[in-house]
Amino acid sequence: MRIYLDSLGCRLNQSEIENYARQFRAAGHSLVPDPVDADLVVVNTCAVTAAAASDSRQKIRQASRTGAGEIVVTGCWSSHDPLTAASLPKVSRVIPNSSKEQLVPQILDIPLEDLNLNIVSRETIPGSRRRTRAFIKVQDGCDNHCTFCITTNLRGPARSRSIPEVLADINSCFNDLPDDPNNTGEIVLTGVHLGSWGQDLSPPTHLRELVETIFRRTETPRLRLSSLEPWDLDPSFFSLWDDNRLCRHLHLPLQSGCKATLRRMARKNTPESFAELVDAARNAIPDVAITTDIIVGFPGESESEFTESLTFVKRMEFSGGHVFTYSSRHGTAASRMPNHFTMTVRKERNAVMRACIGQSAIRYQRKFLGKVMTVLWENSIQTDQNSWVLNC
């Protein structure tokens, strides 16, 4: 069977789709770069914003219009609205998040233990750019109750994968030839609430233990941690960066620089505690890049609250970040709050906040002018004897 895989949204979705690819190949099926050539299309959807939900529906409709034989849908949007997902053209099955670990065995009617993953290594999914990174899912679900977030409802409670499972996935990214360009250049650990990894294991442990074990027991040349909630960390965590293989990057979601807005969001940090953590990270990790997520236009965010948030973001001097225009998601506490703003106001604030982070990002980048740095790129095209075009 010829299979086309597609994914939207977070790095966790990317990790899952890469794992599906490996399982299908282990069962003897082939992957194709275009849905027009596929007997089966699998779409891993996203629901974090209304736009992401719309994009998910569009992906499915596009696949059906190309003439794909059959479409299976999974992920957060289809779990949030399974009846609509099932009604879309050529959708034969909707697999909720609660069952998505068994997606391939369900489709093929093969027990998961019968899929010998040891015979296949990770490979680039056809149709996407060649990736030097591998996204490794180490955790799923979340026990936080941020009032804006639909993902907690759709992904379920926090649960960690065991160290042996994670190590097996990482080792599949490398063969016995250390200099082989097909080997993965960077491992990215992903999860809905990555910093909670290990808390539900017996005995409980911490993300620090997982990182240290990966460095001891795998050939990982470079390791990156995806988003980490600030309340999961303390200054001692940053000693992990004594190992140069750990990327000097921290993504710490702030969401707002206003204390009152953070309370309505049910976030567990304050601007003051966040600033202390950032100071500790910068003192421990030279030239660390600290990026963040910010939501603007949250219900009840007055002009003075937005100004307070903007002032704090300026003070933090982030090296980059994502600014989200608040999107009301049915089923969240925030959707029932009063004082929602017009989209015009939200977009105006988004532009102001993006400009602020863009300016601090340029200041961070300027620190490296004139320096020679090691980078990864996903592919390169030689245009003549002395010139290359790189896609980083």
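Model, not experiment: these values are computed from the prediction. All values below were derived from every heavy atom in this structure, side-chain atoms included, with hydrogens, water molecules and symmetry-related copies excluded.
For the atom pair Phe148 CZ and Ile295 CD1, the distance stands at 4.0 Å (nearest 0.5 Å). Of the inter-residue distances, the one linking Ile3 atom CD1 with Phe24 atom CZ reads 4.0 Å to the nearest 0.5 angstrom. Here the CG atom belonging to Leu31 is positioned 14.0 Å from the OH atom belonging to Tyr20, to the nearest 0.5 angstrom. Atom CZ of Arg267 sits about 7.5 Å away from atom CG of Asn144, to the nearest 0.5 Å. Rounded to the nearest 0.5 angstrom, Glu301 CD and Arg346 CZ are separated by 11.0 Å. To the nearest 0.5 angstrom, Trp77 atom CH2 is 13.0 Å from Asn97 atom CG.
Lys259 has no carboxylate O lying under 4.0 Å from a charged side-chain N of Glu308, or vice versa, which leaves the two without a salt bridge. Salt-bridge formation is detected for the pair Glu16/Lys137: a Lys NZ or Arg NE/NH1/NH2 atom is positioned less than 4.0 Å from an Asp or Glu carboxylate oxygen. Remark: Arg93 does not engage Glu70 in a salt bridge, criterion side-chain N to carboxylate O under 4.0 Å. The pair Asp200-Arg159 does not meet the salt-bridge criterion, since no charged nitrogen lies less than 4.0 angstrom from a carboxylate oxygen. The residues Glu229 and Lys268 are annotated as not salt-bridged, no charged nitrogen and carboxylate oxygen being separated by less than 4.0 angstrom. Ionic pairing of Arg208 and Glu212 is present here: one or more N-O contacts between side-chain nitrogen and carboxylate oxygen are shorter than 4.0 angstrom. Lys367 has a carboxylate O that lies under 4.0 Å from a charged side-chain N of Asp287, or vice versa, which qualifies the two as a salt bridge.
The shortest side-chain heavy-atom distance between Thr311 and Lys314 does not fall under the 4.5 Å cut-off. Two residues are said to be in side-chain contact when any heavy atoms from C-beta on lie closer than 4.5 Å; Thr74 and Val94 fail this criterion. The side-chain heavy atoms of Val288 and Trp241, taken from C-beta on, include no pair separated by under 4.5 Å. By the 4.5 Å heavy-atom criterion applied to side chains, Asp140 and Arg161 are not counted as neighbours. Thr213 has its side chain out of reach of Thr218: every pair of non-hydrogen atoms, C-beta onward, lies at least 4.5 Å apart. For the pair Ser226/Arg11, a side-chain contact is recorded, criterion being any heavy-atom separation below 4.5 Å from C-beta on. Leu115 is listed as a side-chain neighbour of Val104, based on a closest heavy-atom distance under 4.5 Å. By the 4.5 Å heavy-atom criterion applied to side chains, Arg133 and Glu186 are counted as neighbours.
In this pair, Phe324 and His322 present their aromatic rings tilted. The plane angle is within the 30 to 60° band. Ring geometry for His80 against His330 counts as tilted: the plane angle lies between 30° and 60°, on a 0 to 90° scale.
Between the side chains of Arg354 and Asn350, a donor-acceptor pair is found at a separation under 3.5 Å. Between the side chains of Ser7 and Gln14, not a single donor N or O lies within less than 3.5 Å of an accepting N or O. No hydrogens or angles considered: a donor-acceptor pair under 3.5 Å links the side chains of Asp232 and His193. Between the side chains of His249 and Arg224, at least one donor N or O lies within less than 3.5 Å of an accepting N or O. Side chains of Thr344 and Thr342: no donor on one and acceptor on the other come within 3.5 Å. Ser162 and Glu165 share a donor-acceptor pair across their side chains, judged by distance under 3.5 Å alone.
Under the 3.5 Å distance criterion, the side-chain polar atoms of Thr307 are matched with a main-chain donor or acceptor of Glu303. In terms of modelled atom types and a separation under 3.5 Å, the side chain of Asp114 and the main chain of Ile110 share no donor-acceptor contact. Using modelled atom types, one side-chain atom of Gln139 and one backbone atom of Gly141 make a donor-acceptor pair closer than 3.5 Å. Looking only at distances, a side-chain donor or acceptor of Arg329 sits under 3.5 Å from a matching main-chain atom of Ala47. Checking side-chain atoms of Asn13 against main-chain N and O of Leu8 turns up a donor-acceptor pair under 3.5 Å. A side-chain donor-acceptor contact under 3.5 Å links Thr49 to the backbone of Ala52. Under a 3.5 Å cut-off, the side chain of Thr147 and the backbone N or O of Ala334 do not form any donor-acceptor pair. Judged by distance alone, the side chain of Arg2 and the main-chain N or O of Asp37 form a donor-acceptor pair under 3.5 Å. Proximity of a side-chain donor or acceptor of Ser309 to a complementary backbone N or O of Phe306 within less than 3.5 Å is not detected. In this structure, the side chain of Thr220 does not engage the main chain of Arg222 through any donor-acceptor pair within 3.5 Å.
Atom CZ of Arg366 is surrounded by 12 or fewer heavy atoms from other residues, nucleotides or ligands within 6.0 Å. The number of heavy atoms from other shown groups lying within 6.0 Å of CZ (Arg217) does not exceed 12. Heavy-atom neighbours of Glu219 CD from other residues, nucleotides or ligands within 6.0 Å: at or below the threshold of 12.
Both Leu207 and Ile136 belong to a single network of hydrophobic side chains, linked directly or stepwise wherever heavy atoms of I, L, V, M, F, W or Y lie under 4.5 Å apart. In the hydrophobic clustering of ILVMFWY residues, with side-chain heavy atoms under 4.5 Å counting as a link, Leu262 and Leu233 come out apart. When the side chains of ILVMFWY residues are joined at heavy-atom separations under 4.5 Å, either directly or via intervening members, Val32 and Val41 end up in a single hydrophobic cluster. Ile294 and Trp231 fall into different hydrophobic clusters, defined by Ile, Leu, Val, Met, Phe, Trp and Tyr side-chain heavy atoms under 4.5 Å apart, directly or through other members. The hydrophobic clustering, which links ILVMFWY residues whose side-chain heavy atoms are closer than 4.5 Å, places Ile170 and Val138 together.
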Could you walk me through whether Ile187 and Thr184 satisfy the side-chain contact (heavy atoms from CB on, under 4.5 Å) test, starting with their C-alpha distance in whole Å, then the side-chain angles of each, then the deciding distance to 0.1 Å, before giving a yes or no? CA-CA 7 Å; Ile187 297 296; Thr184 299; 4.1 Å; yes
Give the C-alpha distance, both sets of side-chain angles, the deciding distance and a yes or no for side-chain contact (heavy atoms from CB on, under 4.5 Å) between Ser335 and Ser328. CA-CA 5 Å; Ser335 69; Ser328 180; 3.3 Å; yes
Worked check of side-chain contact (heavy atoms from CB on, under 4.5 Å) between Tyr326 and Phe341: CA-CA 9 Å; Tyr326 171 72; Phe341 294 94; over 6 Å; no
Do Thr190 and Cys10 pass the side-chain contact (heavy atoms from CB on, under 4.5 Å) test, and can you show the C-alpha distance, the side-chain angles, and the key distance before you say yes or no? CA-CA 9 Å; Thr190 68; Cys10 64; over 6 Å; no
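When all heavy atoms of Gly257 and Pro271 are compared, the closest pair comes out as O-CG, 3.4 Å. The two residues Val36 and Asp34 make their nearest non-hydrogen contact at N-OD1, 2.9 Å. The two residues Pro33 and Tyr4 have their closest heavy-atom pair at O-CE1, 3.4 Å. Closest approach of Ser227 to Leu194, counting heavy atoms only: O-CB, 3.6 Å. A pairwise comparison of heavy atoms in Thr291 and Phe318 identifies C-CD2, 4.4 Å as the closest pair. The two residues Phe135 and Ser15 make their nearest non-hydrogen contact at O-OG, 2.8 Å.
A cation-pi arrangement is absent between Arg349 and Phe298, since the terminal nitrogen or guanidinium carbon is not both under 6.0 Å from the aromatic centre and inside a 45° cone about the axis.
Screening Asn44, Thr45, Asp6 against Lys59 for a side chain to side chain donor-acceptor pair (under 3.5 Å) leaves a single residue, Asp6.
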